[in-house]
Amino acid sequence: MRVLVVDHPLVAHKLTVLRDKETSSPVFRLLTEELVTLLAYEATRDVRVETVHIETPVTRTEGTGLVKPTPLVVPILRAGLGMLEGMTRLVPTAEVGFLGMARNEETLEAITYAERLPDDLTGRQVFVLDPMLATGGTLREAIKFLFARGAADITCICLLAAPEGLATLQEELDGRNVTIVLASIDEKLNEKSYIVPGLGDAGDRLYGVVG
Ligand SMILES: O=P(O)(O)OC[C@H]1O[C@H](OP(=O)(O)OP(=O)(O)O)[C@H](O)[C@@H]1O
Ligand SMILES: O=c1cc[nH]c(=O)[nH]1
Ligand SMILES: [Mg+2]
């Protein structure tokens, strides 16, 4: 497993505004999309391509095309949905599948409540979107699920991670073809397993508090 923290002043600036508790939901949604587009630029460096032949108005030439089937993008509901538009803006031909997962805030266990993905992911390149990697439980389950369907390599785009969650994933996914792309590795988890300094509950800040 590889971890890549995108070190760029615009990423740092947008993340700072996102963290601010005074930032409203509409601005939070917009910034999330912008951040994902910046992270996705780095996260797609190894996207599979092939040589294609085209004709410009001047001459025939060779260029670059995305290999088919194109990458599968999987936002983890709810919060990952706020990242989808930013990703598909960069890779408009990507296929999109969905995983609905929620962390039980008492047991911290990740529950999968919805799934809409191709049955067979053999050989596919998959990009998972979830802004928060806290204990790592949600991402671990999502990654296990995608490998079990045959995914070849998985790149997770997250905004924030806690060192504890990253260490858990490193241990469990040692040697697997997984890359985690992040805007920041924060300080720690608090007693409720929220990321510190973090940005709060990403799903609630995007879409409001559900009962
Ligand atoms: O690393 P973990 O400890 O598993 O926590 C991270 C998960 O928690 C959040 O989702 P949440 O369960 O709050 O669902 P939501 O997106 O519907 O708010 C977040 O978007 C991750 O999916
Ligand atoms: O800090 C955290 C931890 C889990 N889920 C969130 O949305 N935020
Ligand atoms: Mg939430």
Side-chain angles (χ1 to χ4, degrees), residues 1 3 5 14-25 27-29 31-33 35-36 39-40 43 73-87 96-117 126-147 154-173 176 178-211:
M1 182 180 114
V3 177
V5 180
K14 287 174 195 296
L15 184 60
T16 302
V17 183
L18 204 69
R19 289 183 192 279
D20 190 332
K21 67 177 185 181
E22 301 300 336
T23 297
S24 64
S25 274
V27 176
F28 193 97
R29 285 198 288 267
L31 282 168
T32 300
E33 282 180 20
L35 270 165
V36 173
L39 298 183
V73 174
V74 181
I76 299 183
L77 312 181
R78 276 178 311 165
L81 202 54
M83 301 170 78
L84 182 59
E85 185 74 23
M87 182 72 188
V96 181
F98 295 90
L99 267 178
M101 302 181 77
R103 178 175 93 160
N104 178 318
E105 294 297 338
E106 307 286 308
T107 64
L108 300 178
E109 195 192 346
I111 307 296
T112 302
Y113 60 82
E115 175 260 305
R116 191 84 167 97
L117 291 166
V126 180
F127 290 86
V128 175
L129 309 177
D130 192 337
M132 310 303 274
L133 194 173
T135 65
T138 303
L139 222 44
R140 178 186 56 216
E141 292 309 307
I143 290 169
K144 269 171 40 186
F145 188 93
L146 293 163
F147 275 139
I154 300 176
T155 301
C156 305
I157 304 180
C158 305
L159 299 183
L160 301 183
E164 296 91 327
L166 276 178
T168 302
L169 289 186
Q170 281 281 15
E171 216 171 276
E172 297 195 19
L173 299 171
R176 302 305 301 263
V178 174
T179 306
I180 314 276
V181 179
L182 296 158
S184 167
I185 300 175
D186 274 11
E187 206 179 304
K188 59 176 183 180
L189 291 175
N190 69 11
E191 64 292 346
K192 291 184 168 167
S193 288
Y194 269 73
I195 300 173
V196 181
L199 50 76
D201 187 299
D204 289 356
R205 293 200 65 190
L206 282 161
Y207 301 120
V209 181
V210 284

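Hydrogens, waters and symmetry mates play no part in the numbers below; they use all other heavy atoms, side chains included. Note that ligands are numbered from 1 as they come in the structure, with each ligand's atoms numbered from 1 the same way.
Each of the following atoms of ligand 1 lies closer than 4.0 Å to a heavy atom of A79: 16 (O), 20 (O). Atoms of ligand 2 found under 4.0 Å from any heavy atom of G200, numbered from 1 in the order shown, are 1 (O), 2 (C), 6 (C), 7 (O), 8 (N). Against a heavy-atom cut-off of under 4.0 Å, D201 is close to the following atoms of ligand 1: 13 (O), 18 (O). Near I195, with a cut-off below 4.0 Å to any heavy atom, the atoms of ligand 2 are 1 (O), 2 (C). Listed by number with element, the atoms of ligand 2 under 4.0 Å from a non-hydrogen atom of A134 are 3 (C), 4 (C). The distance from ligand 1 to the heavy atoms of A102 drops below 4.0 Å at these ligand atoms: 12 (O).
Every salt bridge (Lys or Arg N to Asp or Glu O under 4.0 Å) that E33 has, sequence neighbours left out, goes to R89.
Checking only distances, A134 does come within under 3.5 Å of ligand 1, N or O to N or O. Residue-to-ligand polar distances place T138 within reach of ligand 1: an N/O pair is separated by less than 3.5 Å. Where the criterion is an N or O separation shorter than 3.5 Å, residue side chain and backbone included, D204 fails it with respect to ligand 1. Ligand 1 has an N or O atom lying under 3.5 Å from an N or O atom of R103, backbone or side chain.
A 4.5 Å side-chain heavy-atom check between L166 and L182 finds at least one atom pair inside the cut-off. By the 4.5 Å heavy-atom criterion applied to side chains, R176 and I154 are not counted as neighbours. Under the 4.5 Å side-chain criterion, counting only non-hydrogen atoms from C-beta, M87 is not in contact with P75. Inter-residue side-chain proximity for M132 and T138 is flagged as unmet; no heavy-atom pair is nearer than 4.5 Å.
The shortest contact between atom 2 (C) of ligand 2 and any protein heavy atom is with Y194 CD2, 3.4 Å.
Using 4.0 Å as the threshold, R103 has a heavy atom nearer than that to some atom of ligand 2. Between D130 and ligand 1 there is a heavy-atom distance shorter than 4.0 Å. Remark: distances from the non-hydrogen atoms of G136 to ligand 1 include one below 4.0 Å. In this structure, A110 falls outside the shell of residues with a heavy atom less than 4.0 angstrom from ligand 1. Contact analysis leaves A162 out of contact with ligand 2, as no non-hydrogen atom separation drops below 4.0 angstrom.
When each of I195, L199, T16, L15 is paired with S184, the side-chain contact (heavy atoms from CB on, under 4.5 Å) condition holds for L15 and for no other. Just one of V96, L84, L159 meets the side-chain contact (heavy atoms from CB on, under 4.5 Å) condition when paired with L129; it is L84.
For the Mg ion (ligand 3), the N/O/S atoms of D201 include one lying under 2.8 Å.
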Notebook entry, point to check: Would V3 and L169 count as a side-chain contact (heavy atoms from CB on, under 4.5 Å) if you check the C-alpha gap in whole Å, the side-chain angles of each, and the deciding distance to 0.1 Å?
Noted result: CA-CA 10 Å; V3 177; L169 289 186; over 6 Å; no
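Taking each heavy atom of A142 and L99 in turn, the nearest pair found is CB-CD1, 3.9 Å.
With hydrogens and angles disregarded, no donor-acceptor distance shorter than 3.5 Å links the side chain of T23 to the backbone of R19.
Note that the CE atom of M1 and the CD1 atom of I180 stand 4.5 Å from one another [nearest 0.5 Å].
Atom 19 (C) of ligand 1 lies below 4.0 Å from at least one non-hydrogen atom of the protein.
Contacts of S193 with ligand 2, taken as heavy-atom pairs under 4.0 Å, involve the backbone alone.
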